[in-house]
Amino acid sequence: MAVPAARRVSVFPSPQELGPALAQLVAERAAGAGGRFSLGLSGGSLVGILSRDLPLAAAAAGPAAPARWLVAFCDERLVPPEHPESTAGAYEAQLLPRLPAPGPRVLALTPGLPPAAAAADYAAQLRQAFPGEDVPVFDLLVLGVGPDGHTCSLFPGHPLLQENEKIVAAITDSPKPPPERITLTLPVLNAARMVVFVATGEGKAAVLKRILEGDEEEPLPAARVRPRSGQLLWFLDESAAKELTVPVEKHSVL
């Protein structure tokens, strides 16, 4: 039986120092994958961080490097791609055009489908991209965490936290708008070879203390992400980490 790897918590002075370190991690994991590199991305503030810092790190790895990448999205809002809430649309506009050409293969939501059909369609895309794997095993997942402890579109107290069969699930009652979304489920998150959570800002400090130091009977969604045999990293800035008393690795400005 696989034993979950110990987590590592890295703290940076600000998002300006965190971003290049995150980009370097992505580039190094991609280089180490040997062949194809499978990368799952969350949206929100991560779009800006990665769009600013990943193109340079990717270019340094070689002009053809991103052509070997498979990019999927850890959750998606059921809105048109041009909508400002679309995760895929944000990455298509901000990150992908800045990566060295030819760019990665991107698994995007099929527009216009109702929630259950959209989830089934995205699951079918993943199964085609990860043939022979009951649960897709990503090389790297980059996740965010909300002030309520949610990650992807897995929210505290929601029945989807108990989903063990589906690899992609629909949600129609998201407490955070828009209400209709699809999300990777915990079995996929916990099958990854590496998961890195990124959290910045004082508004995340209280929930990070609960996630990283608490021992709750009903853990918050982000606290349920414990890769079975992969690595678990947390990249935080000092504002987000200010309430932590667990050991952390502090990174100063070079």
Side-chain angles (χ1 to χ4, degrees), residues 5-34 36-74 87-88 90-104 106 138-146 151 192-205 208 211-212 222 225 227 230-242 244 246-254:
R7 69 175 185 228
R8 202 170 87 224
V9 182
S10 296
V11 178
F12 301 85
S14 76
Q16 284 64 45
E17 290 79 31
L18 185 157
L22 177 63
Q24 189 62 34
L25 174 72
V26 175
E28 288 175 356
R29 294 295 293 182
R36 186 187 77 169
F37 170 60
S38 52
L39 173 65
L41 297 176
S42 296
S45 60
L46 279 169
V47 181
I49 292 172
L50 289 169
S51 299
R52 183 187 69 220
D53 294 307
L54 186 53
L56 185 61
R68 296 186 293 103
W69 298 8
L70 171 75
V71 173
F73 302 107
C74 299
T87 295
Y91 278 111
E92 291 277 3
Q94 297 178 48
L95 172 64
L96 297 176
R98 301 187 60 214
L99 292 176
V106 178
F138 280 87
D139 293 309
L140 177 62
L141 296 177
V142 184
L143 304 182
V145 57
T151 190
R193 294 185 177 92
M194 177 179 279
V195 174
V196 56
F197 276 100
V198 178
T200 61
E202 191 174 347
K204 305 287 177 70
L208 287 172
I211 293 167
L212 293 171
V225 179
Q231 300 176 62
L232 177 60
L233 310 182
W234 286 81
F235 276 27
L236 314 175
D237 70 353
E238 287 184 356
S239 295
K242 71 175 195 174
L244 297 180
V246 293
V248 301
E249 297 177 8
K250 289 215 169 189
H251 299 259
S252 56
V253 183
L254 296 178

Take L41 and V71 through the side chain to side chain contact (heavy atoms under 4.5 Å, CB included) test and state the conclusion after the steps. CA-CA 7 Å; L41 297 176; V71 173; 3.9 Å; yes

Does L212 form a side chain to side chain contact (heavy atoms under 4.5 Å, CB included) with R7? I'd like the steps, not just the answer. CA-CA 9 Å; L212 293 171; R7 69 175 185 228; 3.8 Å; yes

Evaluate the side chain to side chain contact (heavy atoms under 4.5 Å, CB included) criterion for residues W234 and V248: first the C-alpha distance (whole Å), next the side-chain angles of each, then the deciding distance (0.1 Å), finally the verdict. CA-CA 9 Å; W234 286 81; V248 301; over 6 Å; no

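Two residues are said to be in side-chain contact when any heavy atoms from C-beta on lie closer than 4.5 Å; L233 and L25 meet this criterion. Counting heavy atoms from C-beta outward, L22 and D53 have side chains that stay 4.5 Å or more apart. Within the 4.5 Å cutoff, the side chain of F12 has no heavy atoms near those of the T200 side chain. Within the 4.5 Å cutoff, no side-chain heavy atoms of L95 are placed close to those of V47. Residues L96 and P104 have side chains in contact (heavy-atom distance under 4.5 Å, counting atoms from C-beta outward).
Rounding to the nearest 0.5 Å places CG of L141 at 11.0 Å from CG of L232. Between atom NE2 of residue H251 and atom CD of residue E17 there is a gap of 11.5 Å, rounded to the nearest 0.5 Å. Separating the CZ atom in R29 from the CD atom in Q231 is a distance of 5.5 Å, to the nearest 0.5 Å. Atom-to-atom distance recorded for F235:CZ and E249:CD is 9.0 Å, nearest 0.5 angstrom. Once rounded to the nearest 0.5 Å, the distance linking CD of Q24 with CG of L54 reads 10.0 Å. Atom-to-atom distance recorded for L46:CG and F197:CZ is 11.0 Å, nearest 0.5 angstrom.
Closest heavy-atom contact between V145 and A199: CG1-CB, 3.7 Å. Here the shortest heavy-atom pairing between V9 and P247 reads CB-O, 4.4 Å. Of all the heavy atoms in A27 and A57, the pair that sits closest is CB-O, 3.8 Å. Taking all atoms of both residues into account, the shortest heavy-atom contact from L39 to V26 is CD2-CG1, 4.2 Å. Here the shortest heavy-atom pairing between A240 and L208 reads O-CD1, 3.3 Å. Contact record, P66 with A58: CG-CB, 4.1 Å, taken as the closest heavy-atom pair.
Ring geometry for Y91 against F73 counts as parallel: the plane angle stays under 30°, on a 0 to 90° scale with 60° as the upper cut.
Few gaps surround CD on Q94; more than 12 heavy atoms of other groups in view lie less than 6.0 Å from it.
When only modelled atom types and interatomic distance are considered, D139 and S38 share a side-chain donor-acceptor pair under 3.5 Å.
In this structure, the side chain of K242 does not engage the main chain of E202 through any donor-acceptor pair within 3.5 Å.
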